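Every value quoted in this text rests on a predicted model; they were computed, and no experiment measured them. Ligands are counted one by one from 1 in listed order, and the atoms in each one are counted from 1 as well.
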Amino acid sequence: MKIENRTFVVSGGASGLGEATVRMLHANGGFVSILDMNAELGNKIANELSPRVVFFKCDVTDTDSIAQAVKGTMEWVGKTGKELGGCVPAAGVGFPGKIIDSRSGEPIPISSVDLVLKINLRGTIDLMRQVSAHLIKVTPTAPDGERGVFVMVASSAAYDGQPGQMAYSASKGAVVAMTLPIARDLARYGIRVVTIAPSLFKSAMTAYLSEKALKSLERVMEWPVRPGNPDEFARTVKDSIENVMLNGTVIRLDGAMRMPSKM
Ligand SMILES: NC(=O)c1ccc[n+]([C@@H]2O[C@H](COP(=O)([O-])OP(=O)(O)OC[C@H]3O[C@@H](n4cnc5c(N)ncnc54)[C@H](O)[C@@H]3O)[C@@H](O)[C@H]2O)c1
């Protein structure tokens with residue numbers, strides 16, 4: 001799939017890995033619709049990269065909110081004439097919580113588990129199903145009849161989740177698990193599904209980590225011994241979009257790092 005003159009929907013595009021993806025798509029001649037809860041950051045990026053980037057305030061836990069944003073995106077596509085090319089559902093949260101709180105001995109509030117699953121898993125599925133309904137109608141491109149591509153975002157926590165990552169790991173493990181079945185569902189339409197599983201990358205999500213925690217994580221990094229940069233994530237999104245043979249697979253983007261149990 002070519003990026004130039006195609007439209008991509010990026011949830012979570014107002015910050016971190018999503019923002020780097022928006023900037024990469026824009027730099028390669030693509031059109032981008034950012035869907036994010038953070039209107040301040042979203043509008044700022046859209047203003048900076050206008051007219052090829054627009055922003056829709058959207059909460060991916062709310063199916064109507066997604067519907068409105070997808071409708072707005074399709075109206076914009078109608079005006080620009082730049083057909084939909086894919087979607088990167090990158091909106092996510094990493095709220096920690098052990099199944100039993102070590103201090104109080106109380107079980108984790110189920111509302112906290114629900115929220116992580118609702119944003120990271122249900123929100124991803126809901127956005128993808130709503131975008132798919134439009135993507136199956138775009139003009140197939142030669143030589144393979146490709147219509148589009150989804151690039152989902154999992155995490156190292158899908159494989160080696162740390163203490164306190166139960167809900168997060170569950171959500172990201174599910175993203176890994178659904179990569180192949182969605183690719184199989186959409187294969188008949190010429191739509192691919194690729195998932196990237198990053199380890200520790202610099203973003204707002206990881207900015208809270210103390211210097212001590214970062215140093216401790218360096219012990220388990222193989223090489224390079226540093227967190228990933230968002231543009232290194234975006235580069236893999238670019239490859240995932242452009243290389244038609246990548247389908248139904250998960251790419252670990254982690255410099256061989258394996259997350260330890262204890263920091
Ligand atoms: N940074 C890392 O180390 C890392 C590692 C592995 C996976 N990931 C995944 O990458 C993705 C992006 O994370 P990031 O590190 O860039 O974090 P980030 O906090 O910088 O960005 C996440 C974005 O998602 C948006 N968002 C959160 N909840 C939302 C909702 N309900 N509706 C719409 N938007 C919502 C936020 O407003 C924010 O703009 C997430 O799925 C995360 O789990 C990040």
Checking a contact table here: which protein heavy atom is nearest atom 4 (C) of ligand 1, and how many Å away?
S199 O, 3.8 Å
Pick from T61, N38, D36, L127: the one approaching atom 38 (C) of ligand 1 most closely through a non-hydrogen atom:
D36
Hey, is R23 close enough to E48 for a salt bridge, meaning N to O under 4.0 Å?
yes
Look at atom 22 (C) of ligand 1 and find which of A157, G228, G92, G16 reaches it with the closest heavy atom.
G92
To the nearest 0.1 Å, how far is atom 34 (N) of ligand 1 from its closest protein heavy atom, and which atom is that?
M37 N, 3.4 Å
What protein heavy atom sits nearest atom 13 (O) of ligand 1, and how far off is it?
M205 CE, 3.9 Å
protein heavy-atom neighbour closest to atom 15 (O) of ligand 1 works out as S203 OG, 2.5 Å
Measure the distance from atom 31 (N) of ligand 1 to every protein heavy atom, then report the residue, atom name and distance (to 0.1 Å) of the closest one.
D59 OD1, 2.9 Å
Would you mind checking which non-hydrogen protein atom is closest to atom 16 (O) of ligand 1, with the distance to 0.1 Å?
L17 N, 2.7 Å
Looking only at protein heavy atoms, which one is nearest to atom 3 (O) of ligand 1, and how far off is it?
F201 N, 2.7 Å
Given the rule that I, L, V, M, F, W and Y join up when any side-chain heavy atoms are under 4.5 Å apart, are L127 and V116 in one cluster?
yes
Test of proximity, A90 against ligand 1: N or O pairs below 3.5 Å
yes
Q162-S261 side chain donor-acceptor pair, cut-off 3.5 Å:
no
Please check if any side-chain donor atom of S156 sits under 3.5 Å from a side-chain acceptor atom of S199, or the reverse.
no
Distance-only donor-acceptor hits, side chain of residues 249-256, under 3.5 Å, sequence neighbours excluded:
residue, atom, partner, partner atom, Å
R252, NE, D254, OD2, 2.9
R252, NH2, D254, OD2, 3.3
D254, OD1, A256, N, 3.0
D254, OD2, R258, NH1, 3.0

Does any N/O atom on S15 come nearer than 3.5 Å to any N/O atom on ligand 1?
yes
Considering heavy atoms of the protein only, find what lies nearest to atom 43 (O) of ligand 1 and give residue, atom and distance to 0.1 Å.
Y168 OH, 2.6 Å
Any nitrogen or oxygen of A14, main chain or side chain, under 3.5 Å from a nitrogen or oxygen of ligand 1?
no
